[in-house]
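Just so it is clear, the model here is predicted, and its values are computed rather than measured. Atoms within each ligand, like the ligands themselves, are counted from 1 in listed order.
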Amino acid sequence: MEYRVVRPFPAAQSRQDEAPSLNLTRRMRRNRKAEWSRRLVRETRLSTDDLIWPIFLTDSAEARTPVAWMPGVDRLNIDEAVRQAAEAAALGIPAIAPFPFVDKGLRDPTGSEAVNAGNLMCRAVRAIKREIPEIGIICDAALDPYTSHGHDGVMDGERILNDASVAILVRQALALAEAGADVIAPSDMMDGRVGAIRAALDGEGHEEVQIMAYAAKYASAFYGPFRDAIGTNATLIGDKRTYQMDPANSDEAIAEVALDLEEGADMVMIKPGLPYLDVVARVKDHFRVPTFAYQVSGEYAMLTAAAQNGWLDGEKAMLESLTAFKRAGADGVLTYFAPRAAKMLKAAC
Ligand code: PBG
C-alpha cells in the first residue's frame with residue numbers, strides 16, 4: 001500500500017498565520033501522542049536478560065581499585081567480585097565476564113600464567129561458582145593480560161604466531177573450563193581457535209561448556225581504556241592489525257562468523273558495538289544465530305565523560321545506546337553499564 005500526501009507543501013503565497021491545508025491520510029505522529037500508545041507500538045525492548053557485565057579482577061588486599069580511564073568502574077579483588085556477582089544475580093543479570101589485571105611480574109613472552117590452574121581468573125571463577133552457581137561466567141580466551149608484550153598470542157620477532165598461539169589458548173580454555181567457566185569466549189582472533197578449543201573441551205568431558213566467539217573483532221581505537229584497566233596500555237608493542245579486523249570491512253565479518261559457526265561456536269559477538277551496528281544487523285540477518293555486541297571500554301568512557309561534564313544526560317544516553325543494540329538485532333550486550341541499566345530497568349517496572 002502506498003500512502004500519498006496530497007499537497008504536502010503550503011502554497012508559497014500563504015500567509016504566516018494561516019495553517020497550510022494538508023491532507024494527510026497517514027499521520028505518523030498519531031501513535032506517538034501519549035506514553036501508553038508509544039509503549040503499545042514499541043518494536044524492541046531492552047531487558048535485564050540482555051545484559052552481560054564485564055568486570056575486572058585484581059589480586060589485592062583492597063576490595064576495589066579504581067580504573068582511571070573508566071570512571072565508575074573498579075578492579076575487584078576476589079571477595080568483592082563474589083559480592084558483585086551476588087548483586088548482579090539479584091538484579092537478574094544473566095552473566096558476568098571477568099578479565100584479570102595480572103601482576104606485571106607474572107607476565108612473560110608466552111603468557112604462561114594463562115594456563116596456570118591457580119591463576120587469578122581460575123581462582124575467581126571457582127569462588128564465584130561456589131557461592132553464586134546460578135550466574136553465568138563467560139571467560140575470555142586470549143593471552144594479552146598475561147604476555148609481557150601485550151599481544152593476544154605469542155611472537156616470533158615482530159610476527160604473532162597463529163598455530164603456536166592456538167595451542168596455548170586451548171590450554172587456557174581447558175584451565176578455565178576446569179575451574180567452572182560456563183562459556184569460553186575466544187577474543188584473540190587467531191585462525192582455527194574455535195575448532196581447536198571445541199575439540200579439546202569435548203575431549204576432556206566439557207561438552208556442555210559453550211563457546212561465544214569474538215567472531216568479528218576489529219582492530220579498534222576504542223579499546224584504549226580496557227588496556228588501562230588490565231594494565232597492557234604501557235606494555236603493548238605495536239598494534240593488533242595482523243589479527244584483528246580492518247574497521248573498513250564488513251563482508252569479511254560474514255566470513256569470520258561463518259567459520260566460527262562451522263568450527264562450533266554457539267554464539268557470536270561483534271566488537272566494538274555502536275560504531276559497528278551495521279555489522280551486527282548484517283550478521284543477525286544473515287545467520288539467525290545468537291548474536292551479541294560488546295559496548296567496549298572506549299564507548300563507556302565517551303558516554304561517561306560527556307555525562308560527567310553535563311554534556312549528555314548519562315542515564316538517557318546509556319539506555320538509548322543499549323536499546324540501539326537490540327534494534328540492530330543483537331540478542332544481548334556486553335556492557336560496563338549492566339548493573340546501572342539493570343537497576344533502572346527494575347525501577348521502571
Ligand atoms: C583482549 C580483549 C580486549 C577487549 C576484550 N578482550 C582488548 C584488545 O583486544 O586489545 C576489549 C574490551 C573493551 O575495550 O572494553 N583480547
Side-chain angles (χ1 to χ4, degrees), residues 51-57 67-75 95-102 107 111 113-114 121 138-155 160 162 165-166 168-169 172-173 176 181 183-190 193-194 197 211-247 256 260 268-276 292-305 318 321-322 325 333-338:
L51 304 174
I52 296 168
W53 184 26
I55 60 171
F56 297 111
L57 303 172
V67 176
W69 297 0
M70 298 176 73
V73 171
D74 297 326
R75 298 184 199 97
I96 56 172
F99 293 92
F101 177 97
V102 177
R107 302 183 197 191
E113 178 67 3
M121 277 287 284
I138 302 174
C139 293
D140 232 53
L143 300 183
D144 55 321
Y146 304 97
T147 50
S148 41
H149 43 70
H151 280 289
D152 295 25
V154 290
M155 301 180 83
I160 314 297
N162 191 88
S165 300
V166 171
I168 303 172
L169 292 162
Q172 178 185 28
L176 292 165
V183 182
I184 301 296
S187 78
D188 53 284
M189 291 301 278
M190 299 300 130
R193 89 280 203 218
V194 170
I197 290 172
I211 295 182
M212 174 187 277
Y214 284 73
K217 177 172 178 180
Y218 289 86
S220 171
F222 291 100
Y223 307 149
F226 174 96
R227 293 178 190 167
D228 174 43
I230 66 160
T232 56
N233 55 324
T235 47
L236 181 63
I237 297 167
D239 59 51
K240 301 193 176 183
R241 287 183 296 174
T242 67
Y243 48 107
Q244 298 180 349
M245 284 177 58
D246 183 337
E256 282 283 4
D260 285 358
V268 296
M269 191 207 297
I270 286 85
K271 177 181 174 194
L274 279 195
Y276 294 83
F292 294 82
Y294 198 143
Q295 183 175 48
V296 298
S297 57
E299 300 175 65
Y300 173 88
M302 288 194 299
L303 289 172
T304 304
M318 167 182 83
S321 68
L322 294 173
F325 285 103
V333 190
L334 288 95
T335 175
Y336 300 98
F337 290 122

How far is atom 8 (C) of ligand 1 from its nearest protein heavy atom, and which residue and atom is that?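 Result for atom 8 (C) of ligand 1: Lys240 NZ, 3.3 Å.
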Given side chains that start at C-beta, do those of Ile52 and Met212 come closer than 4.5 Å, heavy atoms only?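 They are in contact (side-chain heavy atoms under 4.5 Å apart), so the answer is yes.
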Derivation and outcome, side-chain hydrogen bond (donor to acceptor under 3.5 Å, both in side chains), residues Gln295 and Ser321: CA-CA 9 Å; Gln295 183 175 48; Ser321 68; 3.1 Å; yes
Would Asp152 count as a polar contact of ligand 1, with the cut-off being nitrogen or oxygen pairs under 3.5 Å? yes
Are Tyr223 and Tyr294, when compared by the centres of their aromatic rings, separated by less than 6.0 Å?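 For Tyr223 and Tyr294, the ring centres are not under 6.0 Å apart.
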Show which atoms of ligand 1 fall inside a sub-4.0 Å distance from at least one heavy-atom site of [X].
| X | result |
| --- | --- |
| Arg227 | 8 (C), 10 (O) |
| Ala142 | 16 (N) |
| Lys271 | 2 (C), 3 (C), 4 (C), 5 (C), 6 (N), 11 (C), 12 (C) |

Going by side-chain contact (heavy atoms from CB on, under 4.5 Å), name the residues that satisfy it together with Ala215, two or more places apart in sequence or in a different chain. Ala213, Val257, Asp260, Val268
List the residues meeting side-chain contact (heavy atoms from CB on, under 4.5 Å) with Ala221, not counting sequence neighbours, and say none if there are none. none
Determine whether any heavy atom of Asp188 lies closer than 4.0 Å to an atom of ligand 1.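 Under 4.0 Å: no for Asp188.
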Non-hydrogen atoms of Lys217 versus ligand 1: any pair closer than 4.0 Å? yes
